[in-house]
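What you are looking at is a predicted structure, and each value in this text was computed from that prediction instead of being measured.
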Amino acid sequence: LQKDKWSVYWKTSMATRTLTLDSFELDVDPAVVTGKQLRATVAAAIGLQPEKTLCRLEGFVEPWELAMHKGRELDDDKTLKDLGVEEEGSTIVTVRKVLVAEGWKIIQEDDEDSDTEEDDF
C-alpha cells in the first residue's frame, strides 16, 4: 500500500509512505484471469474499494494499481498465462496508491464560485 500525501495546491505528491501488508494466497486460473481481474481480486481480498470508485485529485494521472511478476508489469487485457505466470505458487507483487489530500487551493478571480455557501453543494 503506497500512501501519497498529495498537495492540492501544487498538484503533486509531497511525501510517500509505503506499507507492506502480509502476503496471502489466491487460487486463480492463469488461462482465464487477466491482469486487471487479478488486481481487482487482490483489492477485494484485502478490503479495498474497487478502482473505478476512487476519486481522482487534480494533477494525479498515474494508475491507482500496479501488479508485477518477475520485475515486469502485468498488462490489463492479457491473461496471466499469456504474461508468463503459469507456475503454481508464483509470486505477484501488487501496489495500490492511496492519496491523502493536504493543503488549501487558492481560488482565483476567474474561477467560478458562488457568493453563498448553499450554491456550493
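- Atom CD of Gln2 is separated from atom OG1 of Thr20 by 11.5 Å, given to the nearest 0.5 angstrom.
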Table please: side-chain donor-acceptor pairs of residues 63-70 below 3.5 Å, with sequence neighbours left out.
from  : atom 1 : to    : atom 2 : distance (Å)
Glu65 : OE2    : Arg96 : NE     : 2.9
Glu65 : OE2    : Arg96 : NH2    : 2.7

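- Contact check for Thr34 versus Leu80: no side-chain heavy atoms found under the 4.5 Å cut-off.
- Checking side-chain atoms of Asp29 against main-chain N and O of Ala31 turns up a donor-acceptor pair under 3.5 Å.
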Task: Val100 vs Asp4, side-chain contact (heavy atoms from CB on, under 4.5 Å): CA-CA, chis, key distance, verdict - done: CA-CA 6 Å; Val100 179; Asp4 284 311; over 6 Å; no
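- Side-chain contact check for Leu1 versus Thr18: every heavy-atom pair is 4.5 Å or farther apart.
- Counting only heavy atoms from C-beta outward, the side chains of Leu74 and Arg72 never approach each other to under 4.5 Å.
- At least one side-chain heavy atom of Lys3 sits less than 4.5 Å from a side-chain heavy atom of Leu19.
- To the nearest 0.5 Å, atom OG1 of residue Thr94 and atom CD1 of residue Ile46 are 6.0 Å apart.
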- [ ] Show your working on side-chain contact (heavy atoms from CB on, under 4.5 Å) between Val8 and Glu102 and close with a plain yes or no.
- [x] CA-CA 6 Å; Val8 178; Glu102 184 175 89; over 6 Å; no
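- A single hydrophobic cluster is not seen to contain both Leu21 and Val95; linkage of ILVMFWY side chains at heavy-atom distances under 4.5 Å, directly or through other members, places them apart.
- Between Lys97 atom NZ and Ser13 atom OG the span is 9.5 Å, to the nearest 0.5 Å.
- Contact annotation: the side chain of Thr12 approaches that of Met14 to within less than 4.5 Å [non-hydrogen atoms, C-beta and beyond].
- Neither Trp6 nor Val61 shares a network with the other; the hydrophobic side chains, linked directly or stepwise wherever heavy atoms of I, L, V, M, F, W or Y lie under 4.5 Å apart, form separate groups for each.
- Taking CG of Leu57 as the start and OG of Ser7 as the end, the distance is 10.0 Å to the nearest 0.5 Å.
- Using a 4.5 Å heavy-atom threshold, the side chains of Gln49 and Leu54 count as touching.
- Taking the side chain as every heavy atom from C-beta outward, Glu58 and Phe60 never approach each other to under 4.5 Å.
- The side-chain heavy atoms of Thr79 and Val32, taken from C-beta on, include no pair separated by under 4.5 Å.
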